[in-house]
Amino acid sequence: MQDAQIPGIAHEVSCYSAPEVKKAAYKQIRREIDSLEASIRALKARHNSLSITARLPPEILSEIFDWTAAMLRKKPFRWIRISFVCSHWRRVALECPKLWRRVNCTSPERLRVLLPRAGVVPLQIYLSLVTKRSAAGILQALQEMYRVRELRLGSHIVPGTLESMELVLSRLTQPAPLLETFSVVSTARPECLHLPGDLFAGHAPRLRTLELAGCIVPSTSPVLTGITSLKLRGTDQSSHGISLNELIIMLESLPNIQALELDRAHHSESVAPPGRTVHLPYLHKLDISYDSATCAALLSCLNYPRAITTTQNIKAKYVGRLEGLRSLGVILATRTCPLTYVQVYGVETGLVFRGWGRAGTHLQFPVDDPHIDIELSCSGSSLTPLRAVWQALPIAGLESLFIEGDISEDAGLRDFGNLSSLKTVHVEDAASNFLWALKQGLPDCGLENNNAFPFSQKLKGPGRLSFQALRTLVPGGQYVDHSSRMGIREATELKRCFRERRKRGVPLRELHISRSLLRKGMRGEIIEIFRTVVKEVHWGLHSKGIDMDMEDYSLGESSDED
């Protein structure tokens with residue numbers, strides 16, 4: 001388009017014109033461009049106003065923006081992109097103070113822009129000290145301490161940040177009337193950092209959650225009085241933590257504590273004060289991670305409710321001595337309600353024992369958290385270390401048992417096989433090892449000639465049966481190992497085992513068979529085999545046998561015919 005065709009632009013001006021003439025032409029062109037761009041923006045705004053999203057009132061839009069910002073909290077300022085969609089959305093974002101309450105940058109320049117946008121809304125500060133320059137931004141944000149609701153500070157192993165972190169913590173002496181959550185995570189040095197003795201000037205009346213890693217708070221600090229959730233964690237480099245006696249003094253100043261998590265929070269070699277016990281009447285969740293002896297020493301100093309709703313998560317390290325595990329089991333027995341549902345399984349680092357005071361259904365775990373959860377770090381899959389703990393626990397009334405992995409150890413099976421209340425057993429992987437235990441005390445039923453059973457000893461005459469209360473069996477996973485599955489021969493011999501147990505007054509009422517347990521193409525034949533000795537045979541459970549589709553092949557009462 002030529003200049004002559006553009007209104008307001010002198011068409012006689014060209015590149016050969018005098019500089020003064022071209023300068024005036026530039027101004028005219030700029031004014032025309034600005035006018036056209038304004039018209040385009042107005043048309044776009046009008047276009048957007050006809051969109052269906054324009055029906056949303058600003059209050060709803062701001063809530064959507066706030067949810068987006070919450071989901072992207074770990075990606076600073078990613079949510080701000082939504083304000084680039086249109087001028088209306090940007091205006092709504094700028095006029096919504098709570099959108100700007102999350103402070104997660106340490107740039108002083110950005111903070112000078114962002115903090116005023118939050119207005120008087122309580123702030124949530126998430127700041128990490130990664131450079132020396134970060135300290136200036138953190139100190140600037142801490143000047144707003146009077147309206148901070150959540151404060152989380154962190155430091156990393158970066159040269160020059162140690163002194164900066166100490167400086168930041170030393171400035172936490174202003175009152176924090178709105179503070180509810182306070183967290184400090186330091187991995188920057190082997191020694192623990194220390195919070196000031198006059199932390200928040202002793203005035204943080206709403207503080208309920210305290211999380212410290214590589215950091216120590218004075219045990220007599222007034223701000224501890226209202227804490228309901230405490231998390232103390234040492235670091236891999238930390239070697240100068242508090243003693244057990246200091247930890248107990250701190251816990252004594254927490255009368256309202258409800259959730260307590262301790263992960264290498266004190267010296268493992270420190271000795272428990274003789275006869276000293278701290279009472280925690282409201283505690284309902286306890287997490288402890290130490291070696292087994294330290295776990296036992298710490299638990300011996302704690303007195304908390306023995307209720308089904310109390311959750312105890314114990315992560316202990318086995319270092320080759322069973323004395324600490326036995327002591328741990330004895331102490332836990334006094335803090336644990338009778339267990340009715342137990343799960344035992346292996347993980348990469350060791351073994352796990354979980355117990356509930358409430359029983360689930362035949363095929364489902366209880367819906368609530370376990371009453372006791374013990375994770376034992378050890379090498380190998382031997383059940384001996386874990387048995388040292390569960391033998392002391394109240395499992396006499398156990399009703400349901402879930403075992404996953406190699407359970408060929410007779411001692412481990414004997415603990416559960418002698419229980420008179422155990423009605424349901426779910427076993428995953430190497431199911432033949434457990435099914436071998438079912439034939440104990442039975443006359444010869446052919447199982448000793450089955451290569452699928454890795455035992456060579458000859459069966460003896462009738463004796464005492466194990467698992468005498470067993471009524472529901474759920475074998476899953478693989479039959480012998482990761483490559484073997486059940487076939488006609490194995491199913492026939494198991495049928496004889498079930499028949500002999502039935503004659504001894506221990507009938508199996510329900511059998512739930514996993515698809516992964518049987519050889520391909522064997523479904524109908526094997527179902528037919530078991531149907532004559534088991535009242536109800538169910539087929540179709542996958543993997544763990546929980547909440548999956550099933551086909552019922554039960555035909556009423558089973559017979560004793562072979």
Side-chain angles (χ1 to χ4, degrees), residues 362-363 401 403 407-408 413 417 422-481 484-541 545 550-562:
H362 287 334
L363 307 176
L401 172 66
I403 300 182
I407 55 167
S408 59
L413 292 175
L422 185 57
K423 299 178 181 179
T424 301
V425 174
H426 186 153
V427 55
E428 283 283 335
D429 295 328
S432 63
N433 295 336
F434 173 79
L435 296 175
W436 170 265
L438 294 182
K439 71 178 183 58
Q440 300 301 314
L442 296 176
D444 187 350
C445 54
L447 294 181
E448 74 281 3
N449 298 319
N450 182 5
N451 293 330
F453 288 90
F455 302 93
S456 59
Q457 65 266 32
K458 194 173 183 64
L459 287 172
K460 300 179 180 180
R464 186 178 186 278
L465 295 180
S466 61
F467 298 94
Q468 294 189 21
L470 183 64
R471 295 297 180 266
T472 302
L473 178 61
V474 188
Q478 302 296 334
Y479 184 61
V480 176
D481 51 37
S484 301
R485 299 189 179 187
M486 183 185 294
I488 296 295
R489 180 183 176 186
E490 293 86 358
T492 301
E493 292 175 345
L494 284 177
K495 166 196 169 182
R496 295 172 182 170
C497 174
F498 294 152
R499 181 193 62 195
E500 294 299 326
R501 288 176 62 89
R502 180 184 177 89
K503 289 180 178 179
R504 294 280 298 275
V506 186
L508 189 65
R509 299 296 184 185
E510 297 182 38
L511 179 63
H512 299 261
I513 304 177
S514 168
R515 291 179 179 178
S516 62
L517 185 69
L518 306 183
R519 294 177 185 170
K520 187 174 296 186
M522 295 290 183
R523 182 179 100 178
E525 295 88 339
I526 291 181
I527 292 295
E528 190 67 26
I529 290 173
F530 287 131
R531 199 174 59 189
T532 60
V533 292
V534 181
K535 182 178 180 180
E536 298 180 18
V537 180
H538 300 274
W539 157 264
L541 277 72
M550 297 189 300
E551 300 174 36
D552 192 348
Y553 287 84
S554 59
L555 292 177
E557 287 291 339
S558 57
S559 66
D560 288 334
E561 298 178 2
D562 191 350

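No experiment lies behind these values; they were computed from the predicted model shown.
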(message) Can you confirm whether Pro507 sits close enough to Arg471 that some side-chain heavy atom of one is under 4.5 Å from a side-chain heavy atom of the other?
(response) yes
(request) Could you grab the distance from atom CZ of Arg509 to atom CD of Glu536, nearest 0.5 Å is fine? (result) 9.5 Å
(request) May I ask you to test the Arg502-Val533 pair for a side-chain heavy-atom distance under 4.5 Å? (result) no
(request) Could you check whether the rings of Phe530 and Phe498 sit parallel, tilted or perpendicular, using 30° and 60° as the cut-offs? (result) tilted
(request) Provide the closest heavy-atom pair for Leu438 versus Arg501 in the form atom of the first, atom of the second, distance. (result) O-NH1, 2.8 Å
(message) On a heavy-atom basis, which atom in Thr532 and which in Lys495 lie closest, and how many Å separate them?
(response) OG1-CE, 3.4 Å
(message) Out of the candidates Leu401, Leu422, Thr424, Leu508, only one should pair with Leu470 under the side chain to side chain contact (heavy atoms under 4.5 Å, CB included) rule; please name it.
(response) Leu508
